[in-house]
Structures are given as C-alpha cells and as structure tokens.
Amino acid sequence: MDTSESRNRKVTAVEKFDLEVPETAHQISSDSWLQVSFVLTTGINSAYVLGYSGTVMVPLGWIGGVIGLLLATGISLYANSLVAKLHEFGGKRHIRYRDLAGFIYGKKMYRVTWGLQYVNLFMINCGFIILAGSALKAVYVLFRDDSLMKLPHFIAIAGVVCALFAIGIPHLSALGIWLGVSTILSIVYIVVAIVLSAKDGVNKPERDYTIQGSSINKLFTITGAAANLVFAFNTGMLPEIQATVKQPVVKNMMKALYFQFTVGVLPMYAVTFIGYWAYGSSTSTYLLNSVSGPVWVKALANICAFLQSVISLHIFASPTYEYMDTKYGVKGSPLALKNLLFRTVARGSYLAVSTLLSALLPFLGDFMSLTGAISTFPLTFILANHMYLVAMNEKLSVVQKLWHWLNVCVFGLMSLAAAIAAVRLISVDSKNFHVFADV
C-alpha cells in the first residue's frame with residue numbers, strides 16, 4: 001500500500017465518525033514563528049517561575065531537582081514535537097487539540113480531549129489569578145501590613161483586571177505588542193528575584209538543603225513535584241498556538257519549539273536554581289516573599305508579576321474564548337458594540353467563576369500539582385505518544401512502536417500517582433487552612 005492509499009484509507013475511516021469540526025471566529029496563519037516563540041516563552045517564563053524554587057527544588061533537592069528539570073525539558077520538547085508534526089495529518093489542518101484527537105480517534109475522544117483540555121486550562125488560569133492576587137498582596141504588605149485587606153480581596157481585584165483585558169483583546173493573534181510588554185515584565189521580576197536572591201545567598205552562607213518531612217510525606221511531595229515539572233514546560237494547547245503560525249506550519253512551529261526549549265528556558269533555570277541556592281528548604285512557594293531588599297524594587301517586581309500574569313492568563317484562556325466566539329457566531333469588527341457586549345458577558349462570566357474558585361482555595365502549589373497530574377500528563381505525554389502511534393502506525397518500526405507504548409504506560413502510571421499525591425496535598429491544606437484563606 002503506497003502513501004496515498006494509506007492516507008485515503010485513514011481519512012475514509014475517520015469520515016465514518018461523521019465528526020463536524022467548526023470553523024473558527026479567530027485569526028489563523030497570521031503570525032511569524034518568532035511571534036509564536038514569544039507566546040510559548042511567555043507561558044514558560046510566566047510568574048509561575050517564581051514558584052519553582054519552592055514547589056520543585058525544595059521537594060526534590062539539588063540532584064533530583066536539576067536532573068528532573070533537565071529531563072522534563074527534553075521529554076517535553078519531544079512530546080510537543082510529536083503533536084506539532086501531526087498538525088496537518090490526513091491532508092487537513094487541525095487548529096484545535098480536540099480536532100486532532102477527533103480526526104484520529106472519533107467523536108468520543110473529541111469530547112474527552114476537550115474535557116481534559118478545558119480542565120487543564122481552567123486550572124492553569126485559576127493559578128494565574130492566585131498568582132496575580134498574591135503579587136498584589138505582596139505590594140500591599142510592603143506598605144501597609146495592617147491585615148485590613150486579605151488575599152481573597154486581591155484575587156477579586158486580579159479577576160476584574162483579567163476580565164477587562166480579556167474584553168479588550170479579542171483573540172490570540174491580537175496580543176501583538178503585549179507579547180513584547182510581557183517579555184519586559186518577565187525580565188524585570190526574574191532579574192530582581194535573581195539579584196536579590198543572590199545577595200541574600202552571599203550574606204547568608206548557612207542554609208539547609210535537606211528534604212523535609214517523614215518518609216511517607218517525602219514520597220507524596222516528591223510525586224507532586226514531578227507533576228509540577230511537567231506543568232512548568234507544557235501548555236496543553238499546542239495546536240491552538242500552532243494554528244496562528246504562517247505556512248509552512250510544521251517547520252515554523254518546530255523553530256518556535258526549539259527557541260522555547262533552548263533560549264526560552266534559561267531565565268526559568270536561573271531563577272529556580274539561584275532561588276533554591278539562596279534559601280534552601282525554607283524557600284517560599286512565591287520567591288519574592290523570601291527576598292530582602294529595597295521596598296521599591298520588590299514592589300516593582302511584584303507589580304510586573306501581577307501584570308504579566310494577566311497577559312499569560314489571556315493566552316491560556318484563548319481556546320475557551322475561541323470556543324465561545326465560534327459557537328455563538330461572533331463576526332465583524334472586534335470593536336462592534338454587540339461583540340464588546342458578548343465578550344463582556346461570556347468572558348466576564350468565565351473569569352468570575354475562575355476567580356471565585358481561586359479565592360475559595362488559594363493553594364498555588366496544589367493547583368500546579370493537580371493540574372499537572374490530571375490534565376497536563378494525559379494531554380502532553382500520554383495522548384501525544386498514542387496519537388502519533390495511531391497516526392503513523394504503518395511508518396513506525398517495531399522498536400519505535402514499543403517506545404511509544406512504553407511512554408504511554410510510564411506516563412499513565414506517573415499521572416495516576418501524581419493525582420493521588422495532589423489530592424492528598426489539597427486534603428492536608430484544606431485541614432490547615434479554611435476556605436477563602438489568607439495564605
């Protein structure tokens with residue numbers, strides 16, 4: 001059977017599922033690979049990087065943390081490249097993750113993939129709102145430590161600002177100059193965190209790098225940290241980002257991925273390792289809470305972290321926004337009154353629910369662990385390997401097939417273990433802190 005016959009057989013097999021894939025109300029094929037690189041790099045160097053010293057390095061220690069981050073980088077690049085190479089599988093462009101899964105598997109997996117992706121992006125966005133609220137609270141505490149305003153209040157403010165930004169920016173490609181702004185904001189808080197952490201590290205030569213807790217606690221925290229590792233590098237929305245890149249889409253997306261996983265990861269590595277070096281096992285899950293230095297410098301860094309979280313949230317919420325805009329037939333100018341009103345109601349409602357949940361359970365590290373376990377692992381590693389295995393089955397050798405099956409099984413077990421660990425962490429934190437906690 002030649003390549004043409006094989007492709008035709010695959011397309012015919014999929015057509016019997018009678019899967020209707022909607023067109024999109026958003027722009028596609030309009031961005032250069034460099035702009036897409038900055039979208040990916042914005043995600044990987046979001047304000048979440050200020051938490052990795054405490055949520056990855058503290059539970060894993062130097063050896064486990066360094067090796068884990070390097071392995072996660074390589075594995076994530078590999079898994080994302082598998083998805084990127086399937087973007088035009090079967091002779092058509094798949095602009096959504098669920099479209100690709102539906103084309104390969106059928107209706108059922110279309111719905112399952114959309115469910116997984118929705119949960120993944122929803123929880124990531126809750127995390128961004130918690131981050132933005134934490135950054136605002138940190139600024140407040142620098143100037144007025146009177147406890148009149150608590151974390152839930154700042155989370156509510158963050159939610160309102162995110163909603164205003166979502167109403168003003170109609171789609172992912174419209175971010176444009178905001179990606180440059182995001183890069184500058186990231187540079188500011190990363191440089192401040194590195195410099196102040198390094199200064200503290202030099203002035204405080206003694207610190208403890210021991211992994212804390214009993215044997216059973218260590219087991220659960222290490223497992224949870226593994227989920228944080230994959231969370232750090234993966235979006236769960238690669239086809240949606242790839243949809244914006246100009247032709248040739250696979251070649252340009254691979255350029256963007258190589259940029260993300262080489263140049264793009266360096267700032268994250270620096271702030272993660274230097275933060276842990278400076279404070280050891282006492283490192284906060286939000287690094288700017290650990291540093292000491294001029295008040296105005298810390299305030300600037302926290303404000304930048306807040307603003308960058310607003311921009312990053314918009315990136316990760318864009319598949320949900322695209323779904324709503326496409327489903328309800330949004331057309332015409334983004335500034336048309338009816339479109340502005342629709343975005344106000346639809347996106348405002350989505351962010352209101354996200355903000356309420358964020359304020360209700362503001363445990364950032366737990367959100368990262370649970371998101372990585374129940375959605376990032378399946379979407380980025382399990383599904384990517386299995387989709388590639390099914391799509392390219394006739395082109396793969398026996399060894400390659402075994403390799404992909406091994407990945408599916410290993411990451412499936414890791415996902416299960418990480419989910420159990422994350423649920424336990426949330427259960428423990430829920431006992432230690434009440435709802436709407438001021439953590």
Side-chain angles (χ1 to χ4, degrees), residues 40 43-44 48 52 55-56 60 64 67-87 89 94 96-102 104-105 109-110 112-121 123-124 222-242 253-254 256-258 260-261 264-265 268 316 319 367-393 396 399-422:
L40 294 168
I44 207 170
Y48 272 118
Y52 298 147
T55 60
V56 172
L60 297 178
I67 293 176
L69 276 168
L70 293 175
L71 280 176
T73 304
I75 294 169
S76 299
L77 172 59
Y78 173 72
N80 279 280
S81 68
L82 294 180
V83 176
K85 290 173 183 177
L86 293 175
H87 193 74
F89 172 66
H94 308 283
R96 307 174 186 91
Y97 212 130
R98 61 189 183 277
D99 295 350
L100 177 59
I104 294 173
Y105 300 114
M109 277 306 296
Y110 176 92
V112 170
T113 304
W114 179 220
L116 281 172
Q117 189 182 37
Y118 182 87
V119 169
N120 183 63
L121 298 177
M123 295 187 70
I124 288 174
I222 288 172
T223 305
N228 292 340
L229 282 171
V230 300
F231 176 89
F233 294 100
N234 299 285
T235 63
M237 51 175 283
L238 193 77
E240 286 82 357
I241 295 175
Q242 192 170 359
M253 194 63 195
M254 290 306 299
L257 286 172
Y258 291 141
Q260 176 194 10
F261 286 100
V265 298
M268 186 198 72
F316 286 92
F367 263 99
M368 291 164 61
S369 297
L370 188 61
T371 304
I374 68 174
S375 51
T376 309
F377 263 123
L379 282 173
T380 306
F381 298 106
I382 301 172
L383 198 57
N385 275 278
H386 195 265
M387 283 196 305
Y388 195 82
L389 180 65
V390 172
M392 302 297 178
N393 184 57
L396 300 177
V399 173
Q400 288 174 317
K401 291 178 183 178
L402 289 173
W403 165 249
H404 287 294
W405 273 118
L406 178 64
N407 282 332
V408 169
C409 294
V410 169
F411 289 119
L413 291 173
M414 289 181 68
S415 178
L416 178 61
I420 294 171

request  = Check step by step if side chain to side chain contact (heavy atoms under 4.5 Å, CB included) holds for Tyr118 and Arg98.
outcome  = CA-CA 10 Å; Tyr118 182 87; Arg98 61 189 183 277; over 6 Å; no

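- Within a 6.0 Å sphere centred on OH of Tyr78, other residues, nucleotides and ligands contribute more than 12 heavy atoms.
- The two residues Val83 and Ala384 make their nearest non-hydrogen contact at CG2-CB, 3.6 Å.
- In terms of heavy atoms, Arg96 sits closest to Pro239 at C-CB, 3.7 Å.
- Looking only at distances, a side-chain donor or acceptor of Asn80 sits under 3.5 Å from a matching main-chain atom of Ser76.
- Residues Ala79 and Thr380 approach most closely at CB-O, 3.2 Å, considering heavy atoms.
- Summarising the geometry, atom OH belonging to Tyr258 is positioned 6.5 Å from atom CG belonging to Leu77; distances are rounded to the nearest 0.5 Å.
- Proximity of a side-chain donor or acceptor of Thr73 to a complementary backbone N or O of Leu69 within less than 3.5 Å is detected.
- Rounding to the nearest 0.5 angstrom, the gap separating the CG atom in Asp99 from the CD1 atom in Ile104 is 11.0 Å.
- In this structure, the separation between CD on Gln242 and CE on Met253 is 5.0 Å, given to the nearest 0.5 Å.
- Checked against the 6.0 Å centroid threshold, His386 and Tyr105 count as a close aromatic pair.
- Of all the heavy atoms in Leu121 and Pro319, the pair that sits closest is CD1-CG, 3.5 Å.
- Shortest non-hydrogen contact noted between Gly412 and Ile382 is CA-CD1, 3.5 Å.
- Rounding to the nearest 0.5 Å places CG of Leu383 at 8.0 Å from CG of Leu100.
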task = Begin from the C-alpha positions of Lys85 and Met392 and carry the test side chain to side chain contact (heavy atoms under 4.5 Å, CB included) through to its verdict.
result = CA-CA 11 Å; Lys85 290 173 183 177; Met392 302 297 178; 5.9 Å; no

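- With sequence neighbours left out, the ring pair (Phe, Tyr, Trp, His ring centres under 6.0 Å) criterion links His404 to Tyr388.
- Below 30°, between 30° and 60°, or above 60°: for Phe377 and Phe381 the angle between ring planes is between 30° and 60°, a tilted geometry.
- Put simply, CZ on Phe316 and CG on Asn120 are 8.5 Å apart, with the number rounded to the nearest 0.5 Å.
- The CG atom of Leu82 sits 9.0 Å away from atom CE of Met387, with the distance rounded to the nearest 0.5 Å.
- Put simply, the side chain of His94 gets close to the backbone of Phe89: a donor and an acceptor are under 3.5 Å apart.
- In terms of heavy atoms, Pro378 sits closest to Leu116 at CB-CD1, 4.1 Å.
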message = Could you walk me through whether Asn407 and Leu389 satisfy the side chain to side chain contact (heavy atoms under 4.5 Å, CB included) test, starting with their C-alpha distance in whole Å, then the side-chain angles of each, then the deciding distance to 0.1 Å, before giving a yes or no?
response = CA-CA 11 Å; Asn407 282 332; Leu389 180 65; over 6 Å; no

